[in-house]
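Here's the structure we're looking at; comments come further down.
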Amino acid sequence: MLSYNKGFMLLLFFLNKELSFDELLVITAATEVTDGYLRFMRTIRQFNYTVQVLGLGEEWKGGDVARTVGGGQKVRWLKKELEKHKDKQNTVIMFVDSYDVILASGPEELLRKFSRFSHRVVFSAEGFCWPDQRLASKYPVVHDGKRYLNSGGFIGYASEVHAVVKQWKYKDDDDDQLFYTRIYLDKEQRVCVFVELLTHNEGLRSSLLCLYEVVLKFEKSRVRARNVAYDTLPVVIHGNGPTKLQLNYLGNYVPTAWTYEHGCGICDDDLLDLNGLSEMPLVHIAVFIEQPTPFLEEFLERLATLNYPHTRLRLFIHNNVVYHEQHVERFWTRHRSLFPAARIVGPEENLKQDQARNMAVEACKKDVSCGYFFSIDSDVALTNPDILWILIEENKAVIAPMLSRHGKLWSNFWGALSPENFYSRSEDYIDIVQSKRVGLWNVPYITQVYLIRGETLRSRLAPVSLYKQEGMDPDMSFCKSVREQGIFMFVSNRDEFGRLISSTNYNISRLHPDMWQIFDNPVDWREKYIHENYSKIFDDDENLVEQNRCPGMLWFTLRAIHIPGLLNRTADELSRATLLGEWRLQPRTVQLIWGRFGAAQVDPFASPETSHCQLFYSLTEGTLGSARHWHTAGRGACASMRFPQ
């Protein structure tokens with residue numbers, strides 16, 4: 001029976017029986033095991049699909065399909081494989097790509113939705129005509145939905161799919177999508193094999209993802225991707241071309257990667273057990289001091305406290321700031337025995353940032369024993385000494401610890417990119433930064449601190465210039481280079497790793513510039529300048545003050561003692577600092593002092609704005625009790641005044 005449906009001439013073929021789960025075979029193509037392939041296979045296993053992988057371990061000769069035409073090699077492989085299944089009348093074949101596909105549900109739902117179609121072969125559809133736009137006018141008119149064929153996925157009976165692919169007689173680098181398009185546009189062949197386009201993403205498959213069309217739908221212990229344009233829940237999600245980043249975002253959740261009930265469902269998969277190793281992997285640590293940075297001494301000291309065998313560490317330091325040479329020198333003097341093979345490149349080398357970073361990463365590439373490359377910028381405060389253990393155990397090609405500035409949403413990753421490849425906030429960004437959602441997150445951009453597997457540098461990233469692309473900063477270039485190689489960049493907030501340092505207002509012209517960072521970096525300022533037991537002075541503890549009470553008198557003793565070393569740093573730097581303007585004791589502190597020793601009656605060295613007493617004397621010119629009045633009014637008044645009891 002012939003029927004017309006939205007401009008398509010369709011031959012309706014109604015199914016008379018329920019398809020069996022055993023009659024479905026998923027076929028995919030992959031030449032190497034990538035992060036995308038592992039994600040696809042994880043969903044295959046989760047839903048217990050039967051799968052056949054074509055081409056694994058073979059050389060790819062299908063061209064650079066990310067930039068131009070190609071992919072014919074996949075058709076050749078499929079043609080050969082379907083020779084085994086061409087006579088199986090009740091076998092359904094689904095062919096999908098593996099690197100950019102996620103399965104969101106099981107075979108039962110897939111076959112049930114396929115059985116609603118009246119066609120023996122169904123291709124997915126997309127919104128633009130590729131690779132030959134001249135063929136666009138030959139497509140049947142579609143008034144609602146996608147119009148053009150996409151070869152990244154199709155489903156049909158084995159005999160009919162075989163009838164399509166057996167016509168392949170072209171080269172491996174010819175275009176597979178053009179091949180299928182010509183067959184579809186041939187009305188005679190289209191009717192003969194009952195080929196249809198999945199124009200509406202009718203819950204079977206979502207082809208080209210659109211950011212505004214797909215949202216997450218959290219079900220009980222499971223997450224689906226909901227196509228809001230057609231109000232469907234696709235079984236197969238395909239994110240090709242520019243939508244791969246959106247697919248990666250969905251892959252952080254679908255189907256059980258992260259749920260509200262169980263949290264991260266994949267975090268403990270494929271962990272690397274370091275306890276069974278006879279020798280820890282060799283790690284190249286690359287430190288980059290590219291701008292004046294507060295608390296650099298503390299940053300460098302933390303390198304010496306890393307909980308990792310120092311014999312398995314190789315240190316590279318690029319310091320591009322003359323002011324910080326003194327800090328690097330002091331660190332090297334104290335800890336050169338821990339890093340005997342360290343290489344320090346100073347500002348006199350006049351290296352650009354991308355050159356320095358390439359120099360460091362090339363050292364790992366050339367060293368076949370280099371297990372990992374750990375890059376860290378000077379504005380990172382690592383407070384977890386186990387960071388190398390933790391990141392290596394995650395067993396990822398590229399991974400970063402999640403860090404943010406204290407009390408702010410500024411972090412070292414982006415959850416999404418704008419069309420111009422700059423920052424865009426993802427729906428889950430704030431929850432990840434604030435650790436309301438904890439897990440491993442596949443993100444498009446990381447910076448400031450990350451770990452790269454050495455084998456990845458020497459293989460997939462070997463021919464790539466990581467840190468230099470026209471018109472890009474080194475960090476943007478790095479992330480773009482990694483993404484283009486199909487390597488996932490993960491950020492982990494499973495542990496507390498530290499924080500980011502703000503260097504925006506850091507002024508090295510001051511005598512002690514770190515002292516002025518109390519507002520920009522309050523946590524680091526407190527750790528450096530405030531004694532850990534400082535708050536105890538506010539406790540009501542009689543032992544803190546030596547008291548000997550007699551009628552009418554209060555005795556107390558003040559002693560001046562020398563406090564050597566770091567404990568004296570705060571007082572020393574305060575005494576040498578140039579304070580601008582007036583300062584005043586906090587009223588609460590004054591009340592605590594007066595509560596113990598009695599209220600004062602005169603406030604020397606004060607002004608009307610800063611005095612806590614009605615009677616005060618100031619050294620500021622032109623005020624009551626100024627310098628010209630001090631010897632007459634000030635000293636005389638103090639000489640005749642008894643200390644309050």
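More than 12 heavy-atom neighbours from other residues, nucleotides or ligands sit within 6.0 angstrom of NZ on Lys79. More than 12 non-hydrogen atoms from other residues, nucleotides or ligands lie less than 6.0 angstrom from CZ of Arg222. Residue Asp431 qualifies as enclosed at atom CG: its count of foreign heavy atoms under 6.0 Å is above 12.
Taking the side chain as every heavy atom from C-beta outward, Glu219 and Lys217 approach each other to under 4.5 Å. Residues Ile27 and Leu54 meet the side-chain proximity criterion, which asks for heavy atoms closer than 4.5 Å. In this structure, the side chains of Pro474 and Arg357 come closer than 4.5 Å at one or more pairs of heavy atoms. Looking at Leu216 and Arg226, their side chains never come closer than 4.5 Å, going by heavy atoms from C-beta outward. When side chains are defined from C-beta on, Leu245 counts as touching Arg483, because their heavy atoms get closer than 4.5 Å. Counting heavy atoms from C-beta on, the side chains of Thr91 and Tyr157 never come closer than 4.5 Å. Looking at heavy atoms from C-beta onward, Phe179 lies in side-chain contact with Val75 at the 4.5 angstrom threshold. Leu56 has its side chain out of reach of Thr31: every pair of non-hydrogen atoms, C-beta onward, lies at least 4.5 Å apart.
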Report the C-alpha separation of Tyr450 and Phe374 in whole Å, then their side-chain angles, then the decisive distance to 0.1 Å, and conclude whether the ring-ring contact (aromatic ring centres under 6.0 Å, His included) test is met. CA-CA 6 Å; Tyr450 46 82; Phe374 185 60; 8.4 Å; no
Determine, step by step, whether Met94 and Val236 satisfy the side chain to side chain contact (heavy atoms under 4.5 Å, CB included) criterion, reporting the C-alpha distance in whole Å, the side-chain angles of both residues, the deciding distance to 0.1 Å, and the verdict. CA-CA 10 Å; Met94 182 174 72; Val236 185; 3.9 Å; yes
Side chain to side chain contact (heavy atoms under 4.5 Å, CB included) for Val122 and Phe114? Distances and angles first, verdict last. CA-CA 9 Å; Val122 179; Phe114 174 62; 4.0 Å; yes
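Summarising the geometry, atom CD belonging to Glu394 is positioned 8.5 Å from atom CD1 belonging to Ile390; distances are rounded to the nearest 0.5 Å. Expressed to the nearest 0.5 Å, how far CD of Gln73 lies from CG of Asp174 amounts to 12.0 Å. In this structure, the separation between CG on Asn493 and CG on Leu440 is 8.5 Å, given to the nearest 0.5 Å. A distance of 7.0 Å separates OG1 of Thr43 from CD1 of Ile102, quoted to the nearest 0.5 Å. The CG atom of Asp270 sits 7.0 Å away from the CG atom of Leu38 when rounded to the nearest 0.5 Å. Within the model, atoms CG of Leu149 and CD of Glu126 stand 8.0 Å from one another, a figure rounded to the nearest 0.5 Å.
The two residues Val223 and Val254 come nearest to each other via the heavy atoms O-CG1, 3.7 Å. The shortest non-hydrogen separation linking Val101 to Leu247 is N-CD2, 3.9 Å. Between Tyr99 and Glu32 the shortest heavy-atom distance is OH-O, 3.1 Å. Smallest separation of non-hydrogen atoms from Ile446 and Met489: CG1-SD, 4.0 Å. Smallest separation of non-hydrogen atoms from Val482 and Leu466: CG2-CD2, 4.4 Å. Closest of all the heavy-atom pairs between Ala125 and Lys146 is CB-CB, 3.6 Å.
Judged by distance alone, the side chains of His262 and Thr256 never bring a donor and an acceptor atom under 3.5 Å apart. Using a 3.5 Å distance cut-off with no hydrogens or angles, the side chains of Tyr467 and Gln353 do not pair a donor with an acceptor. A donor and an acceptor atom, one from each side chain of Arg39 and Tyr37, are nowhere located under 3.5 Å apart. No hydrogens or angles considered: a donor-acceptor pair under 3.5 Å links the side chains of Asn395 and Arg453. Looking only at atom types and distance, the side chain of Asn412 has no donor-acceptor partner in the side chain of Thr447 under 3.5 Å away.
Of the possible polar contacts, none joining the Ser404 side chain to the Leu409 backbone as a donor-acceptor pair under 3.5 Å is found. Asn358 places a side-chain N or O within donor-acceptor distance of the main-chain N or O of Asp354, the cut-off being under 3.5 Å. Side chain of Trp258 to main chain of Val438: a donor-acceptor pair is present (N/O by atom type, distance under 3.5 Å, no hydrogens or angles). Of the possible donor and acceptor atoms, none in the side chain of Asp473 sits under 3.5 Å from a partner among the backbone N and O of Asp475. Listed for the Ser481 side chain is a donor-acceptor partner under 3.5 Å among the backbone atoms of Ser477. Between the side chain of Gln177 and the backbone N or O of Ser151, at least one donor-acceptor pair lies under 3.5 Å. Side-chain N or O atoms of Glu362 include none that pairs as donor or acceptor with a backbone N or O of Met359 at under 3.5 Å. Looking at Ser159, its side chain never comes within 3.5 Å of a backbone N or O of Gln89 through a donor-acceptor pair. Under the 3.5 Å distance criterion, the side-chain polar atoms of Ser98 are matched with a main-chain donor or acceptor of Ala29. Using a distance-only test at 3.5 Å, with no hydrogens or angles considered, a donor-acceptor pair links the side chain of Thr28 to the main chain of Val96.
Residues Tyr148 and Trp130 keep their aromatic ring centres 6.0 Å or farther apart. Residues Phe123 and Tyr180 bring their aromatic ring centres within 6.0 Å. Aromatic rings of Tyr260 and Phe218 (six-membered ring for Trp) have centroids within the 6.0 Å cut-off, being under it. Aromatic pair Trp441/Tyr253: centroids less than 6.0 angstrom apart.
With Ser411 as the fixed residue, the side chain to side chain contact (heavy atoms under 4.5 Å, CB included) test singles out one of Ile430, Val433, Val491: Val433. The ring-ring contact (aromatic ring centres under 6.0 Å, His included) test with Tyr429 is passed by exactly one of Trp410, Tyr249, Phe413: Phe413.
The aromatic rings of Tyr445 and Trp414 lie parallel to each other, with less than 30° between the two planes, well short of the 60° mark.
Cation-pi geometry between Arg76 and Trp168 is not met: the NZ or CZ atom fails to fall both under 6.0 Å from the ring centre and inside 45° of the normal. For the pair Arg147 and Tyr139, the cation-pi test (distance below 6.0 Å, angle within 45°) is failed.
Under the 4.0 Å criterion applied to side-chain N and carboxylate O atoms, Arg458 and Glu455 are not assigned as salt-bridge partners. In summary, Asp132 and Arg134 engage in a salt bridge, as defined by a charged side-chain N under 4.0 Å from a carboxylate O. Ion pair Lys61/Asp173 not flagged as a salt bridge, since none of the NZ, NE, NH1 or NH2 atoms sits closer than 4.0 Å to an Asp/Glu carboxylate oxygen. Under the 4.0 Å criterion applied to side-chain N and carboxylate O atoms, Glu484 and Arg67 are assigned as salt-bridge partners. Ion pairing of Glu109 with Arg224 is present here, as a side-chain N (NZ or NE/NH1/NH2) and a carboxylate O approach within less than 4.0 Å. Electrostatic pairing of Glu160 and Lys166 does not count as a salt bridge here, judged by no charged N lying under 4.0 Å from a carboxylate O. Using a 4.0 Å cut-off between charged side-chain N and carboxylate O, Asp97 and Lys74 make a salt bridge. Checked for salt-bridge contact, Lys80 and Glu83 miss the test: no charged N lies under 4.0 Å from a carboxylate O. Arg494 has a carboxylate O that lies under 4.0 Å from a charged side-chain N of Asp268, or vice versa, which qualifies the two as a salt bridge.
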